[in-house]
K.L.:
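Quick one: the structure is below, and I'll ask about it shortly.
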Protein chains: 2
Amino acid sequence: MATSTVENYIKRIFMDQPTGTGLMPLGRLAKIMNVVPGTATTMVKTLSESGLARYRPREGVRLTPAGEKLALHVLRRHRLIELFLVRVLGVDWSEVHPEAEELEHAISDKLLARIDELLGKPAFDPHGDPIPSAAGKLSRSRVQPLIACNAGARMRIARITDQDSRFLRYANSHGLVPGAKLHLKDRDAQGDSILVQVNGRKPLNLGSSAGAKIMVEPHAKARTKRAT
Amino acid sequence: MATSTVENYIKRIFMDQPTGTGLMPLGRLAKIMNVVPGTATTMVKTLSESGLARYRPREGVRLTPAGEKLALHVLRRHRLIELFLVRVLGVDWSEVHPEAEELEHAISDKLLARIDELLGKPAFDPHGDPIPSAAGKLSRSRVQPLIACNAGARMRIARITDQDSRFLRYANSHGLVPGAKLHLKDRDAQGDSILVQVNGRKPLNLGSSAGAKIMVEPHAKARTKRAT
DNA sequence: GTTTGTATTTTGAATACTCAAAATGAAAAT
DNA sequence: ATTTTCATTTTGAGTATTCAAAATACAAAC
Ligand SMILES: [Mn+2]
Ligand SMILES: [Mn+2]
Ligand SMILES: [Mn+2]
Ligand SMILES: [Mn+2]
């Protein structure tokens with residue numbers, strides 16, 4: 001059985017995996033995991049020995065199929081738990097992440113299946129992140145960050161890629177939630193800001209770092225089983 | 001912060017504490033925790049150093065007030081989670097114990113408070129075990145084992161003191177659940193068995209080991225906030 | 001009072017995870 | 001080609017938890 005530490009490493013390697021065949025450098029992994037570089041090296045060797053990752057010294061890590069399978073399993077638990085906490089227990093979406101970070105290692109498959117059923121086998125978590133299926137399939141929709149859109153674009157928010165509690169509260173208070181319709185009214189390249197209008201609300205200025213955290217998709221495309 | 005291992009030790013020391021001022025011998029603790037005796041010794045020294053227990057070598061352990069407080073906290077989490085799983089997720093009472101054994105270490109106080117509210121601040125878990133209050137008070141009702149009752153007694157089942165899945169399924173299938181009214185029709189000292197009638201059901205024979213696991217209380221005495 | 005038997009403790013070692021700091025590798029700058 | 005710089009790895013050590021097996025203490029039996 002994988003310890004919760006191993007599960008956390010595997011999950012983060014999977015999530016921050018550069019698309020394609022790229023290896024993740026261990027320095028990056030160390031930063032992500034909040035450990036010193038030497039710790040990451042040691043851990044990655046362990047993962048490698050247990051067949052969850054492949055490790056090229058001085059180059060980086062990549063998950064094996066077994067590692068990806070585990071990562072998807074943990075991710076599924078994390079996201080289903082988040083949605084459960086929001087829907088059933090009424091926890092605010094800005095607070096579910098740290099809870100799920102712990103519970104994802106403690107919940108049994110049996111219980112997870114019950115939660116999945118209770119929620120109607122949802123496809124997205126409260127932040128718009130896709131929930132891997134029980135079989136381990138992850139829907140990879142081609143969404144783009146809000147800052148990458150042209151002025152005048154009319155989009156729909158697909159997901160918020162930041163688990164920080166303050167940012168999530170801010171986003172929510174301005175209607176910036178998955179599913180919301182959004183009009184990019186203007187962009188100011190020099191001022192590093194964009195002007196958006198969410199649903200019928202007051203126009204809102206966002207800096208590029210905020211705009212980068214909001215992933216949007218074409219307006220028309222309706223997503224099934226939208227969450228939150 | 002106490003590790004989940006420490007929480008488990010403390011909880012079990014509390015639960016199997018001989019009433020009064022008795023110390024728990026470390027051999028007993030080792031058996032309860034499924035570790036070799038030497039491990040129990042080591043662990044108890046650690047608990048002692050962190051102020052959670054007092055340890056008399058060769059005699060045994062006793063929790064300090066700090067240890068009791070922690071034990072009650074863990075017990076509260078465990079029992080509230082069990083009831084939550086039964087009531088909200090529809091998990092069978094015979095399966096909640098192992099789940100709660102893990103989740104009790106992963107849930108936050110905030111989440112626990114939400115669950116407590118959602119359940120209406122219940123006083124008993126699915127097995128009839130009292131749930132310590134948030135302040136750490138544990139209602140100690142004077143219940144007695146079914147085998148200790150006289151023939152002819154009419155009682156009410158207060159709790160089932162066995163978390164074994166098979167026994168719980170058996171008990172449930174015969175109506176032996178907390179709150180059920182029960183008539184001890186006959187006892188056979190030599191045959192080591194008792195004859196009981198639960199509610200209006202067919203009389204049922206129980207051996208003494210089964211009868212010892214069923215705690216009963218006077219029929220009249222209604223318990224508030226009965227669970228399951 | 002000595003022997004025997006059992007409970008408990010000690011010792012030595014293992015696994016899992018982590019850090020500090022020294023050593024090393026390799027790319028970048030000169 | 002050498003030096004500088006920075007990322008990565010290695011080494012040594014510490015905490016937490018556990019076991020196997022030897023040592024010890026104590027009570028029970030003789
Ligand atoms: Mn986690
Ligand atoms: Mn999420
Ligand atoms: Mn536990
Ligand atoms: Mn219980």
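We name chains A, B, ... by the order of the sequence lines, and we start the count at 1 in each one. On a predicted model such as this, the values are computed, not experimentally measured, just so you know.
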K.L.:
Of all heavy-atom pairs between Ala158(B) and Pro178(B), which one has the smallest distance, and what is that distance?
P.N.:
O-CB, 3.6 Å
K.L.:
Just checking Thr3(A): base, sugar-phosphate only, or nothing, at a heavy-atom cut-off of under 4.0 Å?
P.N.:
sugar-phosphate
K.L.:
Is the terminal nitrogen or CZ of Lys45(B) (NZ for Lys, CZ for Arg) located under 6.0 angstrom from the six-membered ring centre of Tyr55(B) and within 45° of that ring's axis?
P.N.:
no
K.L.:
Answer with base, sugar-phosphate or nothing: what part of the nucleic acid does Gly38(A) contact at a heavy-atom distance below 4.0 Å?
P.N.:
base
K.L.:
Checking side-chain contact (heavy atoms from CB on, under 4.5 Å) between Pro130(B) and each of Arg140(B), Arg159(B), Arg76(B), Lys137(B), which is the one that passes?
P.N.:
Arg159(B)
K.L.:
Could you go step by step and tell me if Val177(A) and Ile157(A) meet the side chain to side chain contact (heavy atoms under 4.5 Å, CB included) rule?
P.N.:
CA-CA 7 Å; Val177(A) 297; Ile157(A) 296 179; over 6 Å; no
K.L.:
Touch check for Thr39(A), heavy atoms < 4.0 angstrom, all strands: base, sugar-phosphate only, or nothing?
P.N.:
base
K.L.:
State whether a side-chain donor-acceptor pair under 3.5 Å links Arg169(B) with Ser173(B).
P.N.:
no
K.L.:
Apply ring pair (Phe, Tyr, Trp, His ring centres under 6.0 Å) to residues His78(B) and His97(B) and explain how you reach the verdict.
P.N.:
CA-CA 8 Å; His78(B) 185 102; His97(B) 182 72; 4.7 Å; yes
K.L.:
Map Val6(A) and Gly27(B) onto DNA chain C by nearest heavy atom, then report which one ends up closer to the 5' terminus.
P.N.:
Gly27(B)
K.L.:
When we call it a touch if two heavy atoms are under 4.0 Å apart, what does Val36(A) touch: a base, just sugar-phosphate, or nothing?
P.N.:
base
K.L.:
With a 4.0 Å heavy-atom cut-off, tell me which residues in residues 42-66 of chain A come close to DNA chain C, sorted by residue number.
P.N.:
Thr42(A), Met43(A), Arg58(A)
K.L.:
Quick check: do Asp125(A) and Leu80(A) have side-chain heavy atoms less than 4.5 Å from each other?
P.N.:
no
K.L.:
Using a 4.0 Å cut-off to any heavy atom of chain A, which nucleotides of DNA chain D are the first and last in contact, reading 5' to 3'?
P.N.:
dA7(D) to dT10(D)
K.L.:
Under the side chain to side chain contact (heavy atoms under 4.5 Å, CB included) criterion, do Glu101(A) and Asn8(A) qualify, and how do the steps go?
P.N.:
CA-CA 9 Å; Glu101(A) 200 58 59; Asn8(A) 284 333; 3.2 Å; yes
